[in-house]
Amino acid sequence: QKQNQSHSQNNSQEPIEGQNSNQVVRHKRSPKDFIFGKVIGEGSFSTVYLAKDIHTNKEYAIKVCEKRHIIKERKTQYVKREKEVLNMLANAKHYFVRLFCTFQDVERLYFVLSYAKNGELLPHITKNGSFDIECTKFYSAEILRGLEYLHGLGIIHRDLKPENILLDDKMHALITDFGSAKILGEPDQTDSSSQDHRETSTRTQRRNSFVGTAQYVSPELLSNKISSPASDLWAFGCIIYQMVAGLPPFRSRSEYQIFQKILQVDYEVPDGFCEVARNLVGLLLVREPSQRLGANDKQSIGYTSIRAHPFFNGIDFEKLPEQTPPPIC
Ligand SMILES: Nc1ncnc2c1ncn2[C@@H]1O[C@H](COP(=O)(O)OP(=O)(O)OP(=O)(O)O)[C@@H](O)[C@H]1O
Ligand SMILES: O=C(O)[C@@H]1CCC(=O)N(CCc2ccc(Cl)cc2)[C@H]1c1ccccc1Cl
């Protein structure tokens, strides 16, 4: 719309004259600030569009959620949690999809996210059959760095899977989808609603009904509903296995049978599966969360025992963002 000069919206980051220079006023965005392009994806209650900011010409992925549908599906908490966790990741420079801003209108919520031009990791694994060891090492290392940052903030993802690892234009990994995340130390919903204040240790939380995606869910989430950062380490083990084998470790026609296999830690390793990768997967797919490799590492310094595993020989964890990801072949 025509901007009235005297009240022209300052949507860029320049300070407005009359304000001291280090103060930048950001005006609340609205759909009018963007040109909405093609649909790049659909969620169970969201549609994601490729969009361009009319002021900067920058491209974003805008996730649009219908309020009516969210309320009907009783997912209001999920949506609020996604925004809350994305905000906590605002200072992360790498390894996560970033949230630039949110706004809403009567019917919808809008999340302006970084655009992961190369989509989800999953199709890159399946299309290619599986990854070679160089690719597997690189992407496992980037995911591990993301988990170190996330767990360092006391956040458990709880639904880590190759569909939730996106790839940016340079093919670097971006973890996304934080609606199922748990923030350690916050009062658990069950505590506030139920009278009995059940003991929950700091590192693990008693769980309410949430369970992640069948193939990647950890045994503890299926049995006693307690999740901890080690629950993400289990999913991490499943993802490494899947990059090497091309399929997740726990597979079956029925979800119930997948759960049975997970609870028994019943998986096979195909012939030709790289031995050193098999060893690492074997140290992560351990039924007892506290016995998983990395479970007892100090959160503040990262997963030193996983980084030290021979599988990561040759990986410089600090230099990953500057590296060119190995071609998927
Ligand atoms: N920042 C992004 N950049 C590029 N593509 C994205 C981005 N965010 C989401 N997508 C794509 O849009 C699709 C829908 O994502 P969205 O997060 O809305 O739903 P979902 O989490 O995939 O589904 P559900 O809500 O059922 O879990 C996904 O398949 C994803 O590939
Ligand atoms: O949590 C927040 O930061 C704000 C607070 C103000 C606000 O009204 N909302 C929307 C809350 C909301 C969530 C779900 C539905 Cl279905 C309707 C409204 C929240 C919101 C705004 C825009 C995008 C997402 C969210 Cl959760």
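Position 1 is the first residue of the sequence; numbering continues from there. We count ligands from 1, going down the list as the structure has it; atoms in each ligand are counted the same way. Note that the structure is a prediction, hence the values are computed from the model and not measured.
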Pairwise side-chain contact, F250 with V217, heavy-atom cut-off 4.5 Å (strictly under):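 No, every pair of side-chain atoms sits at 4.5 Å or beyond.
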
Side-chain contact, heavy-atom cut-off 4.5 Å: I306 with L283?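 Side-chain contact under 4.5 Å: no.
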
What residues join I54 in its hydrophobic cluster, counting side-chain heavy atom gaps under 4.5 Å, either direct or through other members? I35

Which parts of the protein, at residue level, reach under 4.0 Å of ligand 1 through a heavy atom?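 Near ligand 1, by chain and number: I40, G41, E42, G43, S44, S46, V48, A61, K63, V97, L113, S114, Y115, A116, E120, L166, D177.
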
List, for ligand 2, each N/O atom that has a protein N/O partner under 3.5 Å away, with both atom names and the distance.
unit_1: ligand 2; atom_1: 3 (O); unit_2: K83; atom_2: NZ; d: 2.7
unit_1: ligand 2; atom_1: 8 (O); unit_2: Q104; atom_2: NE2; d: 2.9

State plainly whether one hydrophobic cluster holds both L89 and Y115, where clusters connect Ile, Leu, Val, Met, Phe, Trp and Tyr through side-chain heavy atoms under 4.5 angstrom apart. no

Side-chain heavy atoms under 4.5 angstrom apart, residues restricted to Ile, Leu, Val, Met, Phe, Trp, Tyr: same cluster for V64 and L50? no

Reference residue E142; test side chain to side chain donor-acceptor pair (under 3.5 Å); the match among K137, H94, Q323, H172: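 It is H172, the one option of K137, H94, Q323, H172 that forms the side chain to side chain donor-acceptor pair (under 3.5 Å) with E142.
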
In this structure, are over 12 heavy atoms from other groups packed under 6.0 Å from E42 atom CD?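 Correct, the count exceeds 12.
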
Solution key, residues 313-321 side-chain donor-acceptor pairs under 3.5 Å, sequence neighbours excluded:
unit_1: N313; atom_1: ND2; unit_2: P310; atom_2: O; d: 3.4
unit_1: D316; atom_1: OD1; unit_2: E318; atom_2: N; d: 3.0
unit_1: D316; atom_1: OD1; unit_2: K319; atom_2: N; d: 3.4
unit_1: D316; atom_1: OD2; unit_2: K319; atom_2: NZ; d: 3.2
unit_1: E318; atom_1: OE1; unit_2: R145; atom_2: NH2; d: 3.3
unit_1: E318; atom_1: OE2; unit_2: R307; atom_2: NH1; d: 3.2

With a 3.5 Å distance limit and no angle check, can you tell me whether D232 reaches the backbone of L160 through a side-chain donor-acceptor pair? no

